[in-house]
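See structure below.
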2 protein chains.
Amino acid sequence: MLGAPTRDRAAERRSATRREILDAAWALARERGLSDWTLRDVATRIGMRAPSLYSHFESKLAIYDAMFGQAWSEYEALVRDCITSPDVSGAPRTVIRSMSRLFFDFAVADLARYQLMNQRSIPGFTPSAQSFAPAVRVVRISIEQLTGMGVTDRGDVEIWFAILGGLIDQQLANDPGGHSRRDLLDRAVDMWADSVGLAPETPKKEQEQ
Amino acid sequence: MLGAPTRDRAAERRSATRREILDAAWALARERGLSDWTLRDVATRIGMRAPSLYSHFESKLAIYDAMFGQAWSEYEALVRDCITSPDVSGAPRTVIRSMSRLFFDFAVADLARYQLMNQRSIPGFTPSAQSFAPAVRVVRISIEQLTGMGVTDRGDVEIWFAILGGLIDQQLANDPGGHSRRDLLDRAVDMWADSVGLAPETPKKEQEQ
DNA sequence: GTCTATAGTTTGATAGAC
DNA sequence: GTCTATCAAACTATAGAC
């Protein structure tokens with residue numbers, strides 16, 4: 001007698017099509033802006049007609065929702081990699097610099113993605129609980145990291161977030177593709193770290209004090 | 001013989017209508033979001049029909065442009081008032097706190113206005129040179145103020161801007177209408193001021209050099 | 001699942017009478 | 001300057017054949 005197939009080829013194909021749709025949407029978002037593309041554009045790019053997309057997503061907002069979840073999941077994976085890597089088991093100053101660079105670089109690498117993840121610029125779009133989950137986890141992990149290095153005041157955490165967000169916004173708005181604010185990142189983070197009392201990275205020889 | 005009229009009543013009326021249109025657009029932007037209103041909405045609100053607006057503005061983008069210029073002019077006036085007021089001829093620490101609060105409060109008071117002034121969220125909109133002029137002047141004035149208090153490094157200026165912008169974004173995105181980040185403003189600005197070497201506001205008694 | 005065909009809406013903008 | 005009437009275009013979404 002025949003055994004049941006061990007792979008569900010139909011499901012695999014369906015999942016691949018879903019990914020194709022999302023990839024096309026990302027590409028269009030990067031090329032033209034987060035919301036400057038239509039379902040027709042997406043369909044055309046993958047050799048389909050617009051109505052066919054409705055077999056895979058129930059609306060355009062559902063596509064945004066999937067993209068939102070995808071972006072935050074991707075970033076969550078990076079964060080988890082980062083905090084388990086050897087160079088982040090070191091001095092607090094090293095850790096906070098690594099976390100800051102990770103967030104900055106990820107944000108600046110893709111304007112459309114950053115807008116989707118961190119600004120609410122699409123009318124009517126609110127992420128579903130499922131898509132929002134990885135974002136919540138990233139914030140929790142970040143706070144745990146800071147707590148672990150002695151930063152327990154929630155206000156200090158918010159100020160750190162604000163410094164990062166502010167530099168990112170300026171980089172994207174005033175010097176997209178450049179690195180002027182990236183060059184200021186360590187200085188700004190050190191300023192914050194000094195203020196909250198993190199030990200300096202290289203305590204040369206108990207300099208002054 | 002008859003003297004020419006000293007007032008141009010037609011011009012006054014025209015200018016008043018223009019202002020009515022802009023006021024209606026602002027109100028709608030605040031109520032529904034920066035771009036969630038139509039020319040029909042604006043017209044209805046002032047008792048007109050949509051096509052009549054074209055006697056006063058050549059397009060919807062032209063309305064945005066006028067709003068952009070209006071917002072920055074308004075802010076420029078506030079800044080000029082602020083820097084000539086008595087309490088800002090004092091210690092650098094006092095001045096920088098005043099400037100920071102002024103910007104923060106103005107930004108947070110109106111989300112739609114902030115988005116129009118500082119983010120590029122309207123597809124196809126670029127401010128005209130004329131509307132952009134007050135924004136340029138505000139930046140110039142701010143830099144002059146900082147220079148006057150000894151902050152000459154451009155990077156330090158950028159970091160100050162970033163801290164302000166970051167706190168504003170967080171306030172608007174995560175606690176609109178609240179004051180959680182406003183409560184952190186002085187702390188964050190002092191952190192920056194300490195780092196760039198501004199004298200403390202109340203130099204109690206040469207504390208720890 | 002993908003297609004054709006089209007509904008149903010909304011919108012910025014124009015033409016031309018008054 | 002304001003109106004009525006209407007265009008032209010764009011877009012999401014649905015119905016139903018294959």
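Each chain gets a letter, A, B and so on, in the order its sequence line appears, and its residues count up from 1.
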From [options], pick the nucleotide closest to the side chain of [X]?
X	options	answer
A/P51	D/dT2, D/dA15, C/dT2	D/dA15
A/T38	D/dT4, C/dA5, D/dT12	D/dT12
B/R49	D/dA13, C/dT2, D/dC3	D/dC3
A/S55	C/dT2, C/dA13, D/dT2	C/dT2

**OP:** State whether the number of non-hydrogen atoms from other residues, nucleotides or ligands found under 6.0 Å of B/R140 atom CZ is greater than 12.
**Re:**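 Yes, the 6.0 Å shell around CZ holds more than 12 heavy atoms from other groups.
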How many whole angstroms separate atom [atom1] of [X] from atom [atom2] of [N]?
X	N	atom1	atom2	answer
B/L53	C/dT11	CG	P	14 Å
B/F57	C/dT14	CZ	P	16 Å
A/D36	D/dT12	CG	P	11 Å
B/R40	C/dT9	CZ	C1'	11 Å
A/Y54	D/dT12	OH	P	7 Å
B/L39	D/dT2	CG	C1'	15 Å
B/M48	C/dG12	CE	C1'	17 Å
B/K60	C/dT11	NZ	C1'	8 Å

**OP:** Assert yes or no for the condition that the ring centre distance of A/Y64 to A/W37 is strictly below 6.0 Å.
**Re:**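 Ring-ring flag for A/Y64/A/W37: true, centres closer than 6.0 Å.
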Original post:
Which residue, B/E58 or A/R13, contacts DNA chain C at a nucleotide closer to its 5' end, judged by nearest heavy atom?
Top reply: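 Mapping each residue to its closest nucleotide by heavy atoms, the 5'-most match is A/R13.
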**OP:** Check every strand shown and say whether B/G124 touches a base, only sugar-phosphate, or nothing at a heavy-atom separation below 4.0 Å.
**Re:**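 B/G124: no heavy atom of the nucleic acid under 4.0 Å.
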**OP:** Taking only Lys NZ, Arg NE, NH1 and NH2, and the carboxylate oxygens of Asp or Glu, determine whether B/R45 and B/E20 approach each other closer than 4.0 Å.
**Re:**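 Looking at B/R45 and B/E20, the cut-off is not met.
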**OP:** Ignoring hydrogens and angles, state whether a donor on the side chain of B/S100 or B/W160 is under 3.5 Å from an acceptor on the partner side chain.
**Re:**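 Judged by distance alone, the side chains do pair up.
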Original post:
Mind checking whether B/W72 and B/Y75 have parallel, tilted or perpendicular rings, split at 30° and 60°?
Top reply: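 Aromatic pair B/W72/B/Y75 classed perpendicular.
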